[in-house]
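Inspection log for the structure reproduced underneath, given as structure tokens.
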Amino acid sequence: MRNRKILVYGGSCVLREGTYKRDILINGERIEKLLDEKSDSSSVKADEIINAEGKLIIPGGIDPHVHFSLPLSGGVRSADDFRSGTAAALTGGTTTVIDFITPTPGESLDEAAEKRLKEAEDSLCDFSLHFSIVNGMTDVRNQLKECSLRYGINSCKIYLAYQDTIGLKDDQAFDVFKAAAELGVKLLVHCEWGEAVDFQRGEFIRQGKKTAAYHAASRPPWAEQVAVAKACRMAEVCGTELYIVHVSTAEGIGEIMKARQRGVDVNAEICLHHLFLDDSRYTENVKKAPLYIMSPPLRPALQKKALWKFAKAWIIGNISTDHCPFMKAEKLEPDNFGSVPNGVNGVEERVPLFFSEAVSRYGFSPAQASALLSGNAADFFRLKGKTGRIEEESDADLVIIDTKKAMKISAASHHSLSDYNCYEGFKAEFSITDVLRRGKHLVRNGELIRTAGKGKFLIQSM
Ligand code: URP
Ligand code: ZN
């Protein structure tokens, strides 16, 4: 059967080198040709023609950090499964996501991977997975070696926080840093000093200080700073390729910069919520405050300002979401901050909120904003077929943006199954009209076409 051809004409394309008028000819799943103004697109024969006149076209977003169907102890699961989470992602211009394989107690990495791949069969986005190495696992190096070869996954996460459940002690962490370095696996690290956080949480709760503000107080910037410094030293000693997830403070980023000066290979991401929300959410409405509990917590507004500067200066290369929403009742029911499930939404909001705010308020070029949303993640995680850019031979993952139409964010219209949205009432200056994933036109005029087929698993090249 011959490939379907699509012509997207009249749009301004955000390319690696800048924004230019280009018509895009898609052949099957790939971009075949970018046609400039001198080319005659009218002679091109296509099965579908998409009019993008007056619109901006950016590459499909890549969110390297989401948690769909994340089971927590006590039987609670994050609100979105792979289907609803990726429906939200696609509608919001993200065509690729990376979730996690996290073994439960007693489970091998291989068993956990098989189970997770089954759950991910419902994904509408293309997807990959990071391994997680958690407390209690044995024979870690061999498991990582075998599974990395078997599944084509070359990234793995550990937690320095959560010492009472999945978090690793320093000696266990060192073993994983060493194994990852030997195997050429990138190591993602959740950097909060777990012992200090646990001590402070215990103290606060004993003193009856149980509101969400104490969640933030128990996880101060220095707890992140100490853990980032430690992770960077471990990477330096072992020669590991390090990626700090959700760095949320200037202090943490300072440690990354110091480590880079010593030659440590360290990359990092900032999460959407740390760029758009601040810790006033923990005090202005105490009843609703648990809705904004995640780890690391929301920070003072000055930190938020600093994070934008670090992103603009190219010091931090990725904007992710850590999408992990729960239902309102699950967040509001516990009588102390320590029992509130951690996490908020973001996978649907990341591209419209970040892209429009970065470009229209903070003066990022569209090319830089789109590198932070897709190109850099594609380069770093080396997802097969994805360059995260609009260029010939790349997967045809495209997002068409109307820069003249703003959009309001609300739980009433979002695609997540969660019954609230932490960005409720926020306005994105631009709106997404159309999304193509590997040449499939899955969002049309802002509406998701739900019958349009599944995403595929992407291996990570070495
Ligand atoms: O608050 C967060 N980060 N929730 C998601 C689970 C995790 O910690 O990765
Ligand atoms: Zn996470």
Side-chain angles (χ1 to χ4, degrees), residues 64-67 98-103 109 112-113 128-163 166-194 224-248 252-253 255-260 262-271 295-296 316-318 320 322 376-383 459-462:
H65 187 164
V66 299
H67 300 275
I98 318 184
D99 203 302
F100 295 83
I101 295 164
T102 309
L109 198 53
S128 192
L129 297 164
H130 309 291
F131 294 122
S132 307
I133 302 296
V134 297
N135 185 28
M137 286 173 71
T138 53
D139 200 17
V140 165
R141 189 186 181 284
N142 282 332
Q143 291 206 58
L144 199 52
K145 183 176 176 191
E146 276 172 27
C147 287
S148 143
L149 287 173
R150 185 167 305 145
Y151 296 102
I153 294 175
N154 296 309
S155 56
C156 169
K157 183 179 180 190
I158 62 167
Y159 297 80
L160 301 182
Y162 308 139
Q163 290 292 312
I166 54 179
L168 301 189
K169 300 263 177 266
D170 287 355
D171 58 337
Q172 298 170 310
F174 262 120
D175 284 342
V176 184
F177 270 82
K178 186 160 172 257
E182 285 168 7
L183 301 170
V185 166
K186 297 169 177 66
L187 191 62
L188 285 63
V189 184
H190 177 134
C191 286
E192 290 184 290
W193 181 10
E224 175 169 280
Q225 182 179 9
V226 169
V228 171
K230 199 191 271 188
C232 289
R233 285 292 177 191
M234 288 176 166
E236 188 173 4
V237 169
C238 300
T240 320
E241 196 176 350
L242 175 61
Y243 181 92
I244 314 273
V245 291
H246 47 51
V247 64
S248 64
I253 295 173
E255 294 300 329
I256 291 172
M257 290 162 75
K258 279 195 257 171
R260 282 181 182 157
R262 303 194 303 271
V264 182
D265 188 353
V266 50
N267 277 280
E269 64 180 23
I270 299 173
C271 280
S295 295
I316 302 299
N318 291 304
S320 70
D322 202 2
N376 291 349
D379 289 346
F380 187 73
F381 292 107
R382 303 172 67 117
L383 306 170
I459 62 162
Q460 302 166 23
S461 315
M462 285 300 268

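Nothing fancy with the numbering, it's 1 onward along the sequence. Note that the structure is a prediction, hence the values are computed from the model and not measured.
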Straight-line distance of [X] [atom1] to [Y] [atom2], nearest 0.5 Å:
| X | Y | atom1 | atom2 | result |
| --- | --- | --- | --- | --- |
| Leu187 | Asp265 | CG | CG | 11.5 Å |
| Thr102 | Lys157 | OG1 | NZ | 7.5 Å |
| Arg233 | Arg262 | CZ | CZ | 3.5 Å |
| Asp170 | Phe177 | CG | CZ | 9.5 Å |

Report task. Provide the closest heavy-atom pair for Ser132 versus Met137 in the form atom of the first, atom of the second, distance. Result ->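 The pair with the smallest heavy-atom distance is O-SD, 4.0 Å.
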
**Report entry** Shortest non-hydrogen contact from Ile244 toward Ala231
**Finding:**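 The pair with the smallest heavy-atom distance is CD1-CB, 4.4 Å.
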
Look at the aromatic rings of [X] and [Y] and report parallel, tilted or perpendicular, splitting at 30° and 60°.
| X | Y | result |
| --- | --- | --- |
| His190 | His246 | perpendicular |
| His130 | Phe100 | tilted |
| Phe381 | Tyr243 | perpendicular |

**Report entry** side-chain contact (heavy atoms from CB on, under 4.5 Å) between Ile133 and Asp175, intermediate numbers included
**Finding:** CA-CA 11 Å; Ile133 302 296; Asp175 284 342; over 6 Å; no

Query raised in the report: Would the number of heavy atoms belonging to other residues, nucleotides or ligands and lying under 6.0 Å from NZ of Lys145 be above 12?
Result: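 Check fails, neighbour count at 12 or below.
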
Is it the case that the side chain of [X] and the backbone of [Y] share a donor-acceptor pair, with hydrogens and angles ignored and the cut-off at 3.5 Å?
| X | Y | value |
| --- | --- | --- |
| Glu224 | Ser248 | yes |
| Gln460 | Leu129 | yes |
| Glu241 | Gly184 | no |

Query raised in the report: For Gln172 and Asn135, what are the C-alpha separation, side-chain angles and deciding distance, and is it a side-chain contact (heavy atoms from CB on, under 4.5 Å)?
Result: CA-CA 8 Å; Gln172 298 170 310; Asn135 185 28; 3.0 Å; yes

